[in-house]
Amino acid sequence: MSAHAKGTTRHLKNAIPPAARHVRGWRYFAGLFGGEHIAATEFVIGITFVTMGVGARELLLGLLLGNLMAVISWTLVTTPIAVETRRSLFAYLEQITGSYFSKIYNTAILLFYGALAAAMITVSAYAVRFALGLPVQLAPYPTSFAFILVTLALGAVVIVVAARGFEAMANFATICAPWMLACFICGGAIALPMLALHVTGDTGFDGLSGFLNIADTSIWQGTTPEGEPGITVWEVAAFAWANGAMVHLGLIDMATFRFAHRKWYGVFSGVGMFLGHYIGWIAAGLMGAGAAVALATPLMALDSADVAYSVLGLVGILAVICAGWTTANACLYRAGLAAATLMPSYSRGKVTAIVGVFIVIAACFPFVAQSVMPLTVYGAILLSPVGAIVIAEHYLLPKLGMTRYWSRYLGQPLNPAALLTWGVALAFAVLMITTGAMSFYFIFLPEYVIALILYPFAASLMGARDTWPSDEAHQAEREAILTRFEEKRLAEHSEDLEEDPSNEHTARLAKWLLAGAGAVLIFMIAFALRIAFTAPDPMVLGTMLEDFFLIAAALTAIYFLLAMAAMSATDGPDGDAQ
């Protein structure tokens, strides 16, 4: 074989990324988004909406619009580029912007997910604090040495799992997601008669109109606890959109959707948005207001454990612990991956442990958990412009007569146009925040547009209008090979075919076990709805609540036994492509 032929063979060896050979059907993405977006942040954010003074109708409409825009973003922005390239953002970004820019970006990822992991550890610590009878942590700093010890102990478990056993914990999180959704629904349903009794003197409420009356009076009242006007419907919508903007408009979820069978699979993000973010946030608000009434304590003086225990009993405490724990593990794992690129001489597990130590120390300070809602918006402001740069490189540059991957062809370790664009976008955001010229929740949108427009202009001045015929021909050949592979795969598998790695017997057994687990959750929700709609008077309501707490605990135990048995009965896949 000639030297030229050998060079061509090496060049085309990885033309088909591993993800293209390991595509997944729609059920995988529906389950994944359900597991990731029904989590501990829903407790915190849903309760925070109550304290921010939003009106009931503004909340219901704003969350509908914002979550719909998030689903559209995943469907029209993230999934198409992920399927076309079959690469994660981190791999594709390095191809576009160089290794130095990627290190800067990974530092930003480390800071964001590290802070979110710390917040979720704190949320789990709140639940253990409640169970041990320790004082509520409402100050920005810890006021109990015992609380610090609890946080450190929980954090140590999170570090060990994220560093060594994330796959097992991810499976456990998948089991937890349907149960946590059931807990949210049950908690919201149980809070309704409590609130109705507080507002009308009767445990019943008259349909939607009665619900809205109760909501306007005792939950989402349109004013903050200080009497100031609350946020508007547009700010609610912008927050719901911004909450995940770093992963959809910011393209971090390319890592997930590079395995999608088809480009439109982004629609399955709606499972997480409308079950977790819509129903979950509304239910958490109901639970918070119901707990405040039941305990005769202002909601600002309660943490998530107080709220969950008041409406769900011991099951609520377990829900807070599980939600915080599973979310913290996923966030620490991502932070560890980002940090590993900055410290390549260390193993990923060791880097994750080092990062985890700093995260656990931060988790001892309750102000981190109290800042979850603005933290997610800051994440959108910080990371979304990078997604706009990638979108501009992939789609806009070729349409404007410029060369895609121009910086790599120039041999630059850092794409100057990308760095300039990100810096200008962040400078705009800082200006808006410091001057108050624009609502905090809207900033990510014009910032994204600025990056989309500025990057092609800057690239055109820094070399993108030049041509590299040989390099471009090699790249075109690689892309043609991938395109032919995808066309052949779609022709052979025009319909979604979920691979079942188990044998027929274990598959049937797993289905029966999962059906039983689902029936258990349905029964638990039905019991809670019965309380919401049939509790005749306050005395009977108290008795029904006590019965529910016991039944919910028993059903929870049965659910986890069935779900974990179903998981063990089915062999797992051979593993995802990297």
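Predicted model only: the values in this text are computed from it and were never measured.
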Next item on the list: Apply side chain to side chain contact (heavy atoms under 4.5 Å, CB included) to the pair T256 and T78, showing each step before the final yes or no.
Entry: CA-CA 10 Å; T256 299; T78 315; over 6 Å; no
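- Looking at T556 and W179, their side chains do bring a donor and an acceptor atom within 3.5 Å of each other.
- Aromatic ring centres of F259 and F29: separated by at least 6.0 Å.
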Which donor-acceptor pairs under 3.5 Å do side chains of residues 544-555 form with protein atoms, sequence neighbours excluded?
none

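- Under the ring pair (Phe, Tyr, Trp, His ring centres under 6.0 Å) criterion, Y309 pairs with F130, not counting sequence neighbours.
- The minimum heavy-atom distance linking V368 with A119 is given by the pair CG1-N, 3.7 Å.
- With contacts defined as side-chain heavy-atom distances shorter than 4.5 Å, the pair P366/P142 qualifies.
- Nearest heavy atoms, L89 versus M254: N-CB, 3.7 Å.
- Every pair passing salt bridge (charged side-chain N to carboxylate O under 4.0 Å, His left out) that includes a residue from residues 125-147 is listed here, sequence neighbours excluded: R129-D303, R129-D306.
- The shortest distance between side-chain heavy atoms of I175 and F560 falls below 4.5 Å.
- Using a 4.5 Å heavy-atom cutoff, the side chains of I231 and F239 are not in contact.
- Residues S124 and V128 are not in side-chain contact: their nearest non-hydrogen atoms beyond the backbone lie 4.5 Å or more apart.
- Taking every heavy atom of both residues into account, L63 and A240 meet most closely at CD2-CB, 4.1 Å.
- H248 contributes a side-chain N or O that, together with a main-chain N or O of W241, makes up a donor-acceptor pair within less than 3.5 Å.
- Atom CE of M194 and atom CD1 of I531 lie 8.5 Å apart (nearest 0.5 Å).
- Two residues are said to be in side-chain contact when any heavy atoms from C-beta on lie closer than 4.5 Å; V71 and N67 fail this criterion.
- The CG atom of L64 sits 11.0 Å away from the CG atom of L59 when rounded to the nearest 0.5 Å.
- Residues forming a ring pair (Phe, Tyr, Trp, His ring centres under 6.0 Å) with F112 (at least two apart in sequence, or on another chain): none.
- For residues 131-155, there are no ring-ring contact (aromatic ring centres under 6.0 Å, His included) pairs, not counting sequence neighbours.
- Side-chain atoms of W26 and H261, non-hydrogen and from C-beta on, never get closer than 4.5 Å to each other.
- Counting heavy atoms from C-beta on, the side chains of L192 and F533 never come closer than 4.5 Å.
- S88 contributes atom OG, which lies 11.0 Å from atom CD1 of I252 (distance to the nearest 0.5 angstrom).
- Within 6.0 Å of CZ in F527 there are more than 12 heavy atoms belonging to other residues, nucleotides or ligands.
- Distance CD1/I190 to CG/L195: 12.0 Å, rounded to 0.5 Å.
- Shown here are the salt bridge (charged side-chain N to carboxylate O under 4.0 Å, His left out) partners of D253, two or more places apart in sequence or in another chain: there are none.
- Of all non-hydrogen atoms in A30 and V271, the two that sit nearest each other are O-CG1, 3.5 Å.
- The CD1 atom of I148 lies 5.5 Å from the SG atom of C364; values are rounded to the nearest 0.5 Å.
- Scanning all heavy atoms of the two residues, the minimum distance from M246 to A380 falls at CE-N, 3.5 Å.
- Looking at residues two or more places apart in sequence or on another chain, you find no side-chain hydrogen bond (donor to acceptor under 3.5 Å, both in side chains) involving S144.
- Remark: side-chain polar atoms of T122 are paired, donor with acceptor, to backbone N or O of A363 under 3.5 angstrom.
- Taking T75 as the reference, nothing meets the side-chain hydrogen bond (donor to acceptor under 3.5 Å, both in side chains) condition, with sequence neighbours excluded.
- Contacts of Y113 classified as side-chain hydrogen bond (donor to acceptor under 3.5 Å, both in side chains), with partners at least two apart in sequence or in another chain: R334.
- Remark: F365 engages no residue in a ring pair (Phe, Tyr, Trp, His ring centres under 6.0 Å) (not counting sequence neighbours).
- A distance of 11.0 Å separates CG in L154 from CD1 in I159, rounded to the nearest 0.5 Å.
- Remark: W220 engages no residue in a side-chain hydrogen bond (donor to acceptor under 3.5 Å, both in side chains) (not counting sequence neighbours).
- With sequence neighbours excluded, the residues forming a side-chain contact (heavy atoms from CB on, under 4.5 Å) with A189 are A528, L529, A532, listed by chain and number.
- The aromatic ring centroids of W74 and Y265 lie 6.0 Å or more from each other.
- For the pair Y126 and I121, the minimum side-chain heavy-atom distance is 4.5 Å or more.
- Scanning both residues, A260 and V23, for their nearest heavy atoms gives O-CG1, 4.1 Å.
- Using modelled atom types, one side-chain atom of Y278 and one backbone atom of L60 make a donor-acceptor pair closer than 3.5 Å.
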Notebook entry, point to check: Under the side chain to side chain contact (heavy atoms under 4.5 Å, CB included) criterion, do L275 and F33 qualify, and how do the steps go?
Noted result: CA-CA 10 Å; L275 294 182; F33 272 85; over 6 Å; no
